[in-house]
Structures are given as structure tokens and as C-alpha cells.
Student: 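Dropping a structure here in C-alpha cells format, bear with me for questions.
Start at 1 and go down the list; that is how both ligands and their atoms are numbered.
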Amino acid sequence: MEPQRSPLLEVKGNIELKRALAKAPSQLPLPGSRLKRGPDQMEEDLEPEKKRTRGLGTKVATSRPRATALTTVPQTQGQTAVPKVPRKTGPRCSTAVATVLKNQKPGPAVPAQKPGTTAAPPVVGRKKPSKRPAWDLKGQLCDLNAELKCCRERTQLLDQENQQLRNQLREAQQQATELGAERRTLEEELARMRAQAEQGQRELGNLSARVLELEERLGTQEGLVQELQKEQLELQEERRGLAARLEEQEGRLQASEAALSGSQAEVASLRQEAAAQAALLAKREERLHGLEMERRRLHNQLQELKGNVRVFCRVRPVLPGESTPPSGFLLFPSGPSGPSDPPTRLSLSRSDERRGTLSGAPAAPTRHDFSFDRVFPPGSGQDEVFEEISMLVQSALDGYPVCIFAYGQTGSGKTFTMEGGPGGDPQVEGLIPRALRHLFSVAQELSGQGWTYSFVASYVEIYNETVRDLLATGTRKGHGGECEIRRAGPGSEELTVTNARYVPVSCEREVEALLHLARQNRAVARTAQNERSSRSHSVFQLQISGEHAGRGLQCAAPLSLVDLAGSERLDPGLALGPGERERLRETQAINSSLSTLGLVIMALSNKESHVPYRNSKLTYLLQNSLGGSAKMLMFVNISPLEENVSESLNSLRFASKVNQCVIGTAQANRK
Ligand code: ADP
Ligand code: MG
């Protein structure tokens, strides 16, 4: 079997065959025609070749597709194809071909081909067949047989080629099928791509519409953008302004911070200073307290030096309508230092009518000289009098009981001195309102040193040894309930008056109201009993309580301001009527209480073991305001009238006795 030849070789072979056939195209019909006349077998062998040649026609060479697969097909179609002759072909066939070639183109002999080429090798070197004579039928037959044999070989070759071509055709068809499939795939892909393209087109259309719409909107928004840009510019401007303000504020803040830190430093230093000041203040307070205590001690010492029982003599002025006393009736000799000294002496002249009568000539007036702690002539004002006793009153705040009496005959000015003159004129205010105002004021000052004071007032009168509340109000007003002097509690030295009002006071107006109420109550009583007030003792008492919470100090003392009943005595020569007898009893009671007062003072001064406090309601009520720890002051009020000279002398003598008393060393009621 012949090995498969490569398409390239086949093409080459075909080209050679074409050349060979082109040289002798007219020679082929001869054997062909002869073949038709040949045996059947030969005809059959040739038949496929003929059919094929006819089927393809002359167009085969030009219309054959140029498919790559087909290029390998050897160009054996047509009758011009020259079969490749294998080397095995017989020498006759080669000879025949050589003969044909020789017949087709006369000229120089075809050069002998190299062994292995497609030319018929058997012919090489052979003698050219000469044209057989007509008669040489046998030879011709032999040639024809050889030619037939050659044709058969060619036919065989062509079959093989045909088979190859079929194979190639199948392959080509297969390839075509594959290509068809591929084409369909590609077409499908193309369709898909087209669909995608259409889709893309549609999307593009949509996008274009969208772009148009957006452009439109852009157009409409451009105005907005411009507005926004304008606004942005404004905002930028504002921002710049704000930044400038911020910068300014920051600058101010820094300045403020610097100032603050400076202030803080200042505050710290001030705090230090304040702490130092507080320490200093505490020190000073301590010192002040020490000084205050020292002041109290010295004050008390001074009062003691002045005497715990002092007597002031006050002479009231001659009132309008009264007969002026003769000159020299009352004299106020100046002190050892001259007129600048406050007067302490009083000289009263009394002309003894009886002595004059006995001798038959007017007797020279007798001078009675008295010396007191202080003498107030008629011109002395209320303020002048109070100034002298203000220090004594202040002792009550230090815890010393203080008692001030007004002693004298009726009309000598006791009530004027203690309560004040008529009309509410501040100039004629008495000792009671002035003393209380002074106490309130000093208590206020002492509150700065930690002292707290409270004041409780009571005002009673003692008439015929009965006690009546002058501050009574409502149903008790005018009549007054039965008041008794009792101890405040079992074992207590403090005395209290039952059924009497004790009114806390803290200001002048309250005191004024109480004094007004007392005057009213006295006026009611006066209508019931004539001139009762002059024959009763009025006792105004103020309970003073002080406390220094910081130092745990307390003090309490009563201040008693007593307007005594008229000290006048009954004229023994007067005839006693029924009314006079009553008056006698009153006078005896008054005299009894006043003499008891004198006795008490005497007993105290003589340091007697028994002090007859209980002998009168007055001394009993004033028990705590007298005694060793108390400071006492007696005003002896004197009438300037000559007609009252006897009573004046009595009063002055009584006062002188009192003035001679020195009652122990006063002690403050301190706890
Ligand atoms: P007593 O209370 O002692 O009975 P009064 O105080 O009632 O005496 O005084 C009698 C009168 O004298 C009153 O009208 C009073 O105003 C007046 N009087 C007393 N002392 C003075 C004085 N120092 N200055 C002016 N008038 C006085
Ligand atoms: Mg009076």
C-alpha cells in the first residue's frame, strides 16, 4: 500500500502533471477512444474517472473553493491529470508515457529524470518506442496493453486520491459543521450582542433623556446656584466678621484670663490678709473683752469710790403762781475748785419766828448746810441729771442691782424727776425713759462683743401697804387684783409680784406705752381717792438679763426706779376730822415705810445681822435692789418755796443720814 503523501507534495505532483498534460492534450483521446473500444473491465475501471471528470467539468480548476482543507487535494481531476507513477510501475507503462510525450512535442528528448522523481523511471534509459508499422498489430497491441496497464495504475491512484479527497471532504464537512455550529454560536452571540446593543441604545436614549432633563434642571438650578453662591459669599463675609469678632473675643478672653489670674492672685493675697485680719480681729476681740471686763471692774470701782449709797439733792424751780422765796433762802455754794465744780452743797436759811418773837426783835435766819454727792439747783435740766446717773444705770448691765429713789414732800418734783414733765416734751423726759433708752443703746453696743440682753418691765404702786399693778389692763384696770410679793421660786432669792404684769421691752416706744398706761391707771385711782398718788410709792422695775454665749457668761440684775410717797408729815396742831383720820393712817403708813427704808439702809450700813426688809412692803419688794451687792442712789427733791422750808429740812436731814451710810462692797450678780 502506498504511504499517505503530504498535501504539499500532492500539489507539486499535480502541477507537474498539469504541465505534462498541457504539452500533449490532443494525445489523450487516442487511448481514450481506444479504451472505449477495449475490454469491459477496462471500461468499468475508467467509468468513475469519466463521471468525475464530467461532474466537475472544466470549471474544476477555477471554481473550486479555496478552503484551506481543500488546498491539499491533488489536482487529479480532468483528463489532463497526469498520474504519478511509482517506481514499481512497469517498464512498459513508462515507455508508453514516454512515447506519448514524444508524440506530443517533437524536439529534443526529455532529459532523463533523477531516480525517485515523479517521472516514469522505467522510461529513463529506454529506447524511444518507435512508431510501429501498421502491420505490427501485435506490437501495437502490446503497447496498448502496456498503456492499459498504466491507465489502470493511474485509476488506482486516482481512487486512492479520491478516497483521500472523500476523507478530506468529510473532514471539511465536519469542519463545516463545526464552523456552522460555531457560526450559529457566533450568530447567537451576535444576536445577543445586538440585543445588548439595542439595550445599550435604549439605555443610551434613556440616558440622553435623563441628561436632557438634568441639563434642564441644571439650567433651573443655575439660578439657585447663583443665589447660593451669593449666599455663600455673604456667609463667607459673615464668617470673616465672626472670625474677626472671635479673634477680638479671644483677645479679650486672654486679657480677662490674665486679669482673672491677677484677680485670683489678689484674692489669694486678700484671703491671706483676711485670715490675718481675722486672727488679728480675734486677738482684738479677746483684748476688747479683756478691756470690757477691765472697764466694768474700774467702773464698779469708781461707783464704789463714789459710794454705793449716793444722795443727790434736786431743787425744783419756782413754778408760775408761786411766791418767790427771799434771796438767800437757798444757796448753792461752789466746790473747792470754784464755780467750775459741780455743786455738792446746799445752804438753806430758816428764820426762826419763835426765837424772834421771844427776843422781841426779828431773829437772824438760821443757815442749814447740807452736803451731798451732787446738788442740782433749780435750773438743772433733766439731761444734766441723767448724765450724772447714766454710769450708775449702766452698772445694771454689768450685773449690779441698781436702785434709785426719789424722796421728798409732795410737789417737790419727785415724779417730774422719775417720769418726766407733762406734755411728752423730750426735754422734760424723766429718768425712767432716759435710763431705758440708755440701757437699750449700750446693750446694742455690747451685742457686738457677743452679749445678748433681755429686759422685762413691771410697774406697781404701794399704797397703805397694798401692792397694785400699774400695768394692769382690761378688767383689772383701775381696780387691780390683789398683788402679793412672793419669792419667784422655792429657794430663789428673786422676788416677784403676783398678779402683776411683767412686760418684755426692747425699745423706747414700748417703754413709753407702759408709762402712759401707768399714768392712766393712776388717774383712774385718783378720781376714787383724792391725791392718792402722792401718798403711794411707785416702783418701776426692770429685770435685766445678759448672756455671752461665746464665753458662757451670764448676768442678771434689777434696776429699780422708785417714786416714793410724799414725805410730809401731818401738822400736829391741826384738828383731826373724819377725813383727816384716814389721812393720818396713810401718813403713818408712809412714814412707817419711809422710816423702815431708812432703818434698812442703816442696818445695811452698820452691817447688822438682821435687816428689817419685811417691815414694809416697799423694803421687802426692793430687798434685792438694796443690800450689799446693790448700788443705791437717792434723789432728795426739795421745794424752792420758803413755806416748805420745814419739810425741806426734814427731807434734807433724812437724806443726809442716808448719805452717811456706806453699804459694803457692791458685787455683781454674775454666774
Ligand atoms: P411730786 O411728784 O413730788 O409730788 P411733781 O413732780 O408732781 O411733785 O411736781 C410738782 C410740780 O412741779 C409739777 O407741776 C411739776 O411739773 C413741777 N416740777 C417739778 N420739778 C420740776 C422741775 N425740775 N422743773 C420744772 N417743773 C418742775
Ligand atoms: Mg409725784
Student: Going by the closest heavy atom to atom 2 (O) of ligand 1, which one wins out of Thr415, Asp563, Val428, Thr410?
Tutor: Thr415
Student: Does any part of the side chain of Phe455, heavy atoms only, come nearer than 4.5 Å to the side chain of Leu436, both counted from C-beta?
Tutor: no
Student: Would you check the N or O atoms of Gly411, main chain and side chain alike, for any that come under 3.5 Å of an N or O of ligand 1?
Tutor: yes
Student: For ligand 1, indicate whether the residue Arg314 contacts it via side chain, backbone, both or neither (heavy-atom separation under 4.0 Å).
Tutor: side chain
Student: Suppose we measure from atom 12 (O) of ligand 1 to each protein heavy atom; which comes out shortest, and what is that distance?
Tutor: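 Sorting protein heavy atoms by distance from atom 12 (O) of ligand 1 puts Leu319 CD1, 3.2 Å first.
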Student: Thinking salt bridges, do Arg374 and Glu384 make one under a 4.0 Å N-O criterion?
Tutor: yes
Student: Salt-bridge test for Glu286 and Arg551: reply yes if a basic N is under 4.0 Å from a carboxylate O, no otherwise.
Tutor: yes
Student: Does an N or O anywhere in Gly413 fall below 3.5 Å from an N or O of ligand 1?
Tutor: yes
Student: Apply ring pair (Phe, Tyr, Trp, His ring centres under 6.0 Å) to Phe370 and list each qualifying residue two or more places apart in sequence or on a separate chain.
Tutor: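 None.
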Student: Could you give all pairs that pass the ring pair (Phe, Tyr, Trp, His ring centres under 6.0 Å) test and reach residues 273-295, with sequence neighbours left out?
Tutor: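 Qualifying pairs, neighbours excluded: His289-His548.
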Student: Would you check if Met634 and Leu597 make a side-chain contact, meaning some heavy-atom pair closer than 4.5 Å?
Tutor: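 When only atoms from C-beta onward are counted, Leu597 and Met634 do touch, with a gap below 4.5 Å.
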Student: Can you figure out which of Phe376, Tyr407, Phe416 has its heavy atom closest to atom 27 (C) of ligand 1?
Tutor: Phe416
Student: If the contact criterion is a heavy-atom separation under 4.0 Å, does Ser412 count as touching ligand 1?
Tutor: yes
